[in-house]
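Remarks on the structure that follows.
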There are 2 protein chains.
Amino acid sequence: MPDAPVRVLVADDEPLVRSGLRLILDAEPDLEVVGEAGDGARAVELTRALRPDVVCMDVRMPGVDGLRATELVLRLPDPPRVLVVTTFEHDGYVLDALTAGASGFLLKRAGADEMVQAVRTVAVGQSLLYPQALRELVRTRPRAAAGAPALTPREREVLGLVAEGMTNAEIAAELVVGVETVRTHVASVLAKLGARDRTQAVVLGYRAGLVEL
Amino acid sequence: MPDAPVRVLVADDEPLVRSGLRLILDAEPDLEVVGEAGDGARAVELTRALRPDVVCMDVRMPGVDGLRATELVLRLPDPPRVLVVTTFEHDGYVLDALTAGASGFLLKRAGADEMVQAVRTVAVGQSLLYPQALRELVRTRPRAAAGAPALTPREREVLGLVAEGMTNAEIAAELVVGVETVRTHVASVLAKLGARDRTQAVVLGYRAGLVEL
DNA sequence: GCCGATATCCCCCGGCCGGGGGAGGGGCGC
DNA sequence: GCGCCCCTCCCCCGGCCGGGGGATATCGGC
């Protein structure tokens with residue numbers, strides 16, 4: 001499909017990286033690097049002027065960094081998609097970048113074809129991550145209740161209020177029952193979860209997917 | 001790059017959907033649909049026999065569903081990447097699918113080019129989601145500490161152990177300090193977080209992005 | 001040199017919590 | 001009808017917790 005090529009802006013403080021990316025992307029007939037920026041401020045400026053479809057954004061840049069630049073770029077009218085590219089995978093940038101609104105997160109160590117695919121992917125509107133980042137994102141989510149203890153509805157309800165930081169008395173008032181009743185429910189929850197106190201109950205309950213925080 | 005084409009297996013209980021996908025994917029010179037399966041069991045069987053690079057997997061299928069099939073397929077030696085495709089976006093399948101090990105999650109309402117890009121993306125090893133799914137995944141993550149109280153390193157450490165469900169005495173043993181010291185730190189944490197007790201501290205600390213659960 | 005922040009330890013005390021019992025009523029399935 | 005589970009309430013008691021004080025030592029910066 002000879003559509004109009006995807007217009008790409010490359011933002012990285014290393015001229016070498018910019019050249020490399022340009023080489024890789026311009027080699028594809030459907031991709032076109034329309035500009036390069038050496039810092040975040042310039043990236044925003046050029047985005048406004050050149051209106052690219054995709055911005056390849058480095059995280060670490062002097063002055064305005066890639067995360068801030070991502071926010072700014074996405075606030076422009078008819079914003080481009082932002083593909084954040086970084087060197088190290090174990091900085092916590094992934095979450096920050098995605099929160100800032102980035103459509104994708106890629107490691108620089110990715111091969112040329114991965115880079116090319118990534119640009120095309122975000123260009124059509126999908127989101128993309130390197131697999132470890134996605135797994136990390138999923139891993140730290142509450143488990144889908146596999147082998148979770150079977151709490152009664154009332155017990156789940158009480159656990160939920162415990163997780164809100166309420167005392168037994170407050171929970172009793174909330175549920176319009178006696179404090180003794182709440183104490184019984186809490187005791188059941190503790191026993192079923194194998195928790196020693198309400199704090200452990202909250203953590204275990206959260207990990208078992210029984211409560212939302 | 002005329003590499004060997006990406007070999008794709010299509011698994012969906014609707015013959016019409018299978019035909020549609022085949023049409024879309026086979027139109028690309030670098031993609032090749034090597035087989036179709038009408039249910040999860042058949043998908044596993046064909047994966048073992050045909051050894052595709054990518055499996056496009058529907059979630060809802062009779063018998064073995066797409067999620068279970070994904071798990072099984074990924075347990076095969078030298079497994080393919082699995083791209084899960086579904087109709088509705090508000091079922092909680094995304095998390096289940098990714099937990100099962102899927103490399104991507106796409107909506108059927110995606111256009112042909114999105115579908116093609118998605119297959120190519122997972123083929124090169126990246127992970128992919130439709131944007132709303134990613135935003136949902138990020139949304140429910142702990143906030144990146146915007147306006148979070150400034151805890152001292154020691155206080156953060158103590159809070160982390162509190163969040164593990166430890167008593168002050170256990171924390172003291174863990175940190176090799178007196179119980180009194182721990183009590184002081186906990187008191188500071190409670191004050192800074194505005195929590196009444198350790199349970200609230202854990203919840204507030206979690207929401208402030210100060211502790212991982 | 002002084003001050004602030006941090007980390008460490010100490011005492012008293014009131015309170016909520018959690019463990020161990022027991023007990024009654026209502027709904028559901030066999 | 002009988003048993004079982006769930007929800008409800010009750011008593012006693014030991015313990016950890018959290019609030020209120022105060023004290024000492026180290027480090028770093030102005």
Side-chain angles (χ1 to χ4, degrees), chain A residues 92 145-213, chain B residues 144-213:
Chain A
L151 300 186
T152 70
R154 201 56 159 175
E155 285 164 355
R156 260 192 305 279
E157 195 175 5
V158 170
L159 177 56
L161 296 176
V162 168
E164 291 296 321
M166 293 187 185
T167 68
N168 288 341
E170 287 170 336
I171 296 173
E174 175 77 21
L175 298 179
V176 199
V177 296
V179 184
E180 311 298 336
T181 303
V182 176
R183 292 169 58 75
T184 306
H185 289 313
V186 171
S188 300
V189 170
L190 294 181
K192 288 182 180 177
L193 292 180
R196 274 181 321 203
D197 50 51
R198 55 222 285 89
T199 304
Q200 274 198 356
V202 169
V203 175
L204 294 175
Y206 171 77
R207 288 182 181 157
L210 295 170
V211 287
E212 293 295 318
L213 294 186
Chain B
L151 300 186
T152 70
R154 201 55 158 175
E155 285 164 355
R156 259 193 306 281
E157 196 176 3
V158 170
L159 176 57
L161 296 175
V162 168
E164 289 296 320
M166 293 187 185
T167 68
N168 289 341
E170 287 170 337
I171 296 173
E174 175 78 21
L175 299 181
V176 199
V177 296
V179 185
E180 311 299 336
T181 303
V182 176
R183 291 170 59 74
T184 306
H185 290 313
V186 171
S188 300
V189 171
L190 294 180
K192 288 183 180 177
L193 291 181
R196 275 181 320 203
D197 51 52
R198 55 219 286 108
T199 304
Q200 273 198 356
V202 169
V203 176
L204 295 175
Y206 171 77
R207 289 181 181 158
L210 295 170
V211 288
E212 293 294 318
L213 293 186

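Within every chain, numbering begins at 1; the chains are lettered A, B, ... in the order of the sequence lines, protein sequences first and strands thereafter.
At distances below 3.5 Å, at least one donor-acceptor pair connects side-chain atoms of A:Glu155 with backbone N or O atoms of A:Thr152. No donor-acceptor pair under 3.5 Å is formed between the side chain of B:Glu174 and the backbone N or O of B:Ile171. Side-chain atoms of A:Arg198 come within 3.5 Å of backbone atoms of A:Met166 as a donor-acceptor pair (strictly under, hydrogens ignored). The backbone N or O of A:Gly165 lies less than 3.5 Å from a partner atom in the side chain of B:Arg196, making a donor-acceptor pair. For the pair A:Gln200 (side chain) and A:Ala195 (backbone), a donor-acceptor distance under 3.5 Å is absent.
Between A:Ala201 and A:Leu190 the shortest heavy-atom distance is CB-CD2, 3.7 Å. The nearest pair of heavy atoms linking B:Leu204 to B:Leu193 is CD1-O, 3.5 Å.
One atom, CD of A:Glu180, and another, P of C:dG24, lie 17 Å apart when rounded to the nearest Å.
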Can I get a per-line list of side-chain donor-acceptor pairs under 3.5 Å for residues 178-189 of chain A, giving both atom names and the distance, sequence neighbours left out?
residue	atom	partner	partner atom	Å
A:Thr184	OG1	A:Glu180	O	3.0
A:Ser188	OG	A:Thr184	O	3.1

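Of all the residues in residues 153-175 of chain A, A:Pro153, A:Arg154 reach under 4.0 Å from DNA chain D with at least one non-hydrogen atom. At a non-hydrogen distance threshold of 4.0 Å, A:Arg183, A:Val186, A:Leu190, A:Arg196, A:Asp197, A:Arg198 from residues 182-202 of chain A come into contact with DNA chain C.
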